[in-house]
Amino acid sequence: MDRIRIVGGNELSGNIPISGAKNAALPLMIASLLTDGTLTLENVPHLADVEQLTRILGNHGVDYSVNGRRLRQSEAYSRTVNFTARNIVDTTAPYELVSKMRASFWVIGPLLARMGEARVSLPGGCAIGTRPVDLFIDGLQALGATIDVESGYVIAKAKNRLRGNRYVFPKVSVGATHVLMMAASLARGETVLENAAREPEIVNLADCLNAMGAKVSGAGTSTITIDGVDQLSGASVRVIPDRIETGTYAMAVAMTGGDVVLEGAEPDLLQSALDVIAQTGAEITPTNEGIRVRRNGAGIAPVDVTTAPFPGFPTDLQAQFMGLMTMAKGKSHITETIFENRFMHVQELARLGAHITLSGQTAIVDGVSKLKGAPVMATDLRASVSLVIAGLAAEGETLVNRVYHLDRGFERLEEKLSGCGAVIERISG
Ligand code: EPZ
């Protein structure tokens, strides 16, 4: 299994291009199931999760190509990919495919809306909490679907087309908002989703659906209205820049010191995180190219954060921020409110010399003046990258095991960081 070797201690300076967002690309790809036309997506990152989803979509009959070639033959990054679901050949998403990635469960929405049925395995994905699917089931039932859960599969049917309705999410869910927006686009009549997720990825999907001929309004607010249409067509849509990748590299610079331009990054997508990073002492400046992050000399100030749905501080940056706080001059409190088990990085950061104690959903981080490199491993994507950041700032060598987690969500990580002066390499095997 590949590992990442880091020799810490260098400042980062230079430019880092920000890739298309994984969490926007995945639902956009799934939206291709809604039409027999071709959905062309620009700025698709080259990531293991994207590859996995192409396999899942392929199983349903989606054909895909990158500049005329099959996706896996392409070495290009930030690619333009065409997805065409001319015929849906299978409405079952099997356990072997879905168990590897939670987002693949989302195919349930478009399959049900277009085909009147879907049989989708209960999902897997990062081990960060129980991650139930009750909101998807409730929401689709509100649109008239009948749903059974049998032998690990959710079986959804709507023989006479889904019907628009008002649905109030009892809890904000990104995935359930994506799915209901897609399903309602082909339902009969109007759907109003309240307490919907407001993440930028939701807006990217709504824009895509509208480009395909849907009538979605209010995305980005907590009330989304969808006027169902009979059929959707192909379209061409650009994947937004990855706000989590942006925040991750900004935190890396805030930790190691240096001066980096995050090319193509958009501040509006992560303002709350940028505000927090600025409070730690880094200088954040929006520029024509993206976002410039600088820190020199002064120590890292401790800042308390609590994760929250957008526009709050993202849970997907919590681990990285904890990495940064391990070297702050004082104590910080980091509270996780979205997932109940998203502190697996705590014990790994401790291997590097961090002082962290847990009290329920809050981690109390007592900053230390230096970290020392060590072998570490993590069980999820964002936790893994928090170890990379900490390794960049630690003295000596850090070996990050289980790199496949990083490959799920960070495109060209070693190349981007070594281009800015970091000593980081992949060791194969
Ligand atoms: C999306 O996951 C992201 N994944 C996650 O990023 C991200 O952490 C999360 O949103 C929150 O921002 C993708 O976009 C592919 P949720 P999702 O439904 O949609 C509970 C990463 O590292 N819930 O908004 O699965 C759930 O357990 C990943 O890139 C229910 O209770 O998250 C959680 O506590 C990890 N019942 C809360 O809602 C349900 O039916 C929010 O989860 C659905 C969710």
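Starting from 1, each residue takes its place in the sequence as its number. Counting starts at 1 for both ligands and their atoms, following the listed order.
Contact atoms of ligand 1 toward K22: 21 (C), 29 (O) (distance under 4.0 Å to a heavy atom of the residue). Counting atoms of ligand 1 from 1 in the listed order, those under 4.0 Å from a heavy atom of R382 are 21 (C), 22 (O), 29 (O). Residue T315 approaches ligand 1 through these ligand atoms, each under 4.0 Å from one of its heavy atoms: 8 (O), 11 (C), 12 (O). Each of the following atoms of ligand 1 lies closer than 4.0 Å to a heavy atom of V133: 40 (O). Per-residue contacts place G175 under 4.0 angstrom from the following atoms of ligand 1 (heavy atoms of the residue considered): 18 (O), 19 (O).
Put simply, no part of H405 is less than 4.0 Å from ligand 1, judged by heavy atoms. Under a 4.0 Å heavy-atom criterion, E201 is not in contact with ligand 1. Under a 4.0 angstrom heavy-atom cut-off, F169 registers as lying outside contact with ligand 1. Under a 4.0 angstrom heavy-atom cut-off, V172 registers as being in contact with ligand 1. Note on ligand 1: P132 sits in its first shell, one or more heavy atoms being nearer than 4.0 Å.
In summary, E266 and R243 do not engage in a salt bridge, as defined by a charged side-chain N under 4.0 Å from a carboxylate O. Salt bridge E414/R426: present, at least one basic N to carboxylate O contact under 4.0 Å. Salt-bridge annotation for E117 and K157: absent, with no side-chain N of the basic residue lying under 4.0 Å from a carboxylate O of the acidic one. Using a 4.0 Å cut-off between charged side-chain N and carboxylate O, K171 and D134 make no salt bridge. Between R86 and D36, no side-chain nitrogen of the basic residue sits less than 4.0 Å from a carboxylate oxygen of the acidic one, so the salt-bridge criterion is not met.
Side-chain contact check for Q320 and H345: no donor-acceptor pair (N or O, by modelled atom type) lies under 3.5 Å. Between S332 and D304, the side chains place no donor N or O within less than 3.5 Å of an acceptor N or O (distance only, hydrogens not considered).
Under 4.0 angstrom from ligand 1, the non-hydrogen atoms of D134 come from both its backbone and its side chain. By the criterion of a heavy-atom distance under 4.0 Å, neither the backbone nor the side chain of E340 is placed next to ligand 1.
By the 3.5 Å distance cut-off applied to N or O atoms, L381 is not counted among the residues near ligand 1. Among the atoms of N23, some N or O lies under 3.5 angstrom from an N or O of ligand 1. At least one N or O atom of R102, backbone or side chain, sits closer than 3.5 Å to an N or O atom of ligand 1. In terms of N/O distances under 3.5 Å, ligand 1 is not approached by W106. Looking at R342 next to ligand 1, an N or O pair under 3.5 Å apart turns up. Geometrically, ligand 1 and L135 share a nitrogen or oxygen pair separated by less than 3.5 Å. The shortest N/O to N/O separation between I338 and ligand 1 falls below 3.5 Å.
Checking V62, D63, L97 one by one against L57, the side chain to side chain contact (heavy atoms under 4.5 Å, CB included) holds for a single residue, V62. Checking E336, R382, R342 one by one against Q318, the side chain to side chain donor-acceptor pair (under 3.5 Å) holds for a single residue, E336.
Note that R119 lies in the cation-pi zone of Y153, set by a 6.0 Å cut-off to the ring centre and a 45° limit from the axis.
Within a 6.0 Å sphere centred on CZ of R163, other residues, nucleotides and ligands contribute 12 heavy atoms or fewer. A 6.0 Å sphere centred on OH of Y95 holds no more than 12 heavy atoms belonging to other residues, nucleotides or ligands.
One option in F339, F136, F105 has a heavy atom closer to atom 32 (O) of ligand 1 than any other, and that option is F339.
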